[in-house]
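One-based numbering, in listed order, for ligands and for the atoms of each. Along the sequence shown, the residues carry numbers beginning at 1.
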Amino acid sequence: MTPEALAELAARAVADAEAAVDPAQLEAVRRRFLGRRDGELTRAGAQMAAAAPAQRAALGRAFNGAKAEVEAALDARARQLAASVDTERIAAEWMDLTRLDESWTPGRLHPITRVLREIEAIFRQLGYAVVEGPEVESERFNFELLNIPAGHPARDSHDTLYLSDDVLLRTHTSPVQMRTMLEQPPPIRIIAPGRTYRRDNPDQTHFVMFHQVEGLVVDEDVTVADLKGTLLTFARSMFGHEREIRLRPNYFPYTEPSMEVDVSCFLCGGAGCRTCHHRGWIEILGSGMVHPQVLRNGGVDPERYRGFAFGMGPERIAMLKYGIEDGRELTLDDVRFLHQF
Ligand code: DAH
């Protein structure tokens with residue numbers, strides 16, 4: 001064993017350490033040269049005992065230098081490898097947080113929400129306030145104050161869901177008319193959107209829960225002409241500027257006269273198509289002049305004030321506008337359906 005041999009051994013170890021491509025290879029290099037029992041450098045150290053005493057000091061220095069050099073090379077390579085493992089991991093995990101995922105699709109409003117917002121916007125522009133009433137109602141507000149006493153045939157058509165003897169889920173938004181009249185003096189100009197309930201067997205056009213938008217105007221000198229002008233403006237804003245409306249006589253206990261309002265078909269322009277059943281007209285709402293007794297029930301003097309009222313169904317409007325055949329789709333949360341609108 002000579003200092004030159006030790007230097008040469010160290011140079012080999014350093015070269016091997018630098019060539020190691022991962023921590024496992026580096027560990028093998030460490031064991032080959034510095035392994036406790038049969039590492040090459042370890043064994044060279046053991047041979048020093050056999051050297052002539054005159055050479056021992058020089059050999060010892062050469063051994064210590066070689067060992068330090070090999071250890072430094074192993075440590076340096078270990079740090080490099082650790083750093084490159086980090087670099088690779090960072091490269092693999094890197095993502096551009098500013099990039100939009102291509103599979104991203106924007107959310108959108110439910111067709112019913114859209115129809116409700118449109119109706120609200122139109123009436124707000126006409127100076128109406130938007131008010132709400134409770135979905136759990138008393139028989140008094142849902143029926144009696146609206147001229148529908150117990151035993152009145154109009155009750156049969158409402159298929160009411162009762163919660164107790166005189167508490168029910170409102171079957172229409174008309175009770176909000178009564179609440180509004182009892183709360184504020186005329187002039188009144190409100191719409192009342194909200195959920196309504198009926199014990200119907202659900203089919204394409206009937207649902208246990210659905211929506212209505214009620215309208216009520218009470219003021220001096222209100223006439224059918226105001227009702228017609230208002231609803232014509234509404235129909236044209238909602239369904240297109242060429243639309244016409246017509247009023248057909250009907251019966252509601254809380255209005256006199258009562259009428260149903262048709263809009264000229266916004267799909268065929270009135271020529272006749274499947275949606276309007278070749279009539280050219282589509283019924284969109286019920287309305288009428290508020291019955292004097294209903295005004296009185298609301299604390300309004302019918303000698304001084306007149307009113308008109310109307311009620312419409314957003315489900316029906318959404319189905320007509322968007323060509324939805326089965327309205328039950330509107331109550332499901334199937335995004336494949338909802339993404340079409
Ligand atoms: N409440 C009626 C219904 O549920 C709709 C209605 C008709 C409301 C005439 C009104 C009205 O305000 O004047 O079918």
Quick one: table the atom pairs, ligand 1 N or O against protein N or O, below 3.5 Å, distance rounded to 0.1 Å.
{"residue": "ligand 1", "atom": "1 (N)", "partner": "H172", "partner atom": "ND1", "Å": "2.9"}
{"residue": "ligand 1", "atom": "1 (N)", "partner": "S174", "partner atom": "OG", "Å": "3.1"}
{"residue": "ligand 1", "atom": "1 (N)", "partner": "Y254", "partner atom": "OH", "Å": "2.8"}
{"residue": "ligand 1", "atom": "4 (O)", "partner": "R198", "partner atom": "NH2", "Å": "3.0"}
{"residue": "ligand 1", "atom": "4 (O)", "partner": "Q212", "partner atom": "NE2", "Å": "2.9"}
{"residue": "ligand 1", "atom": "12 (O)", "partner": "Q177", "partner atom": "NE2", "Å": "3.0"}
{"residue": "ligand 1", "atom": "12 (O)", "partner": "E214", "partner atom": "OE2", "Å": "2.6"}
{"residue": "ligand 1", "atom": "12 (O)", "partner": "F310", "partner atom": "N", "Å": "3.4"}
{"residue": "ligand 1", "atom": "12 (O)", "partner": "F310", "partner atom": "O", "Å": "3.3"}
{"residue": "ligand 1", "atom": "13 (O)", "partner": "A309", "partner atom": "O", "Å": "3.3"}

(message) Nearest 0.5 Å, please: how far is CD1 in I324 from CG in L330?
(response) 4.5 Å
(request) Name all pairs fulfilling the ring pair (Phe, Tyr, Trp, His ring centres under 6.0 Å) condition that reach into residues 299-333, sequence neighbours left out, sorted by first residue then second. (result) F123-F310, Y322-F341
(message) Closer than 4.0 angstrom, basic N to acidic O: yes or no for R124 and E120?
(response) yes
Which side-chain N or O atoms in residues 32-39 pair as donor and acceptor under 3.5 Å with protein atoms at least two apart or in another chain?
{"residue": "R32", "atom": "NH2", "partner": "D16", "partner atom": "OD2", "Å": "2.7"}

(request) Assign the ring pair F239 / F266 to parallel, tilted or perpendicular, where the plane angle (0 to 90°) is split at 30° and 60°. (result) parallel
Give every donor-acceptor pair under 3.5 Å between a side-chain atom in residues 251-258 and any protein atom, sequence neighbours left out.
{"residue": "Y251", "atom": "OH", "partner": "H152", "partner atom": "NE2", "Å": "3.3"}
{"residue": "T255", "atom": "OG1", "partner": "S258", "partner atom": "OG", "Å": "2.6"}
{"residue": "S258", "atom": "OG", "partner": "F252", "partner atom": "N", "Å": "3.0"}
{"residue": "S258", "atom": "OG", "partner": "F252", "partner atom": "O", "Å": "3.2"}
{"residue": "S258", "atom": "OG", "partner": "T255", "partner atom": "O", "Å": "2.9"}

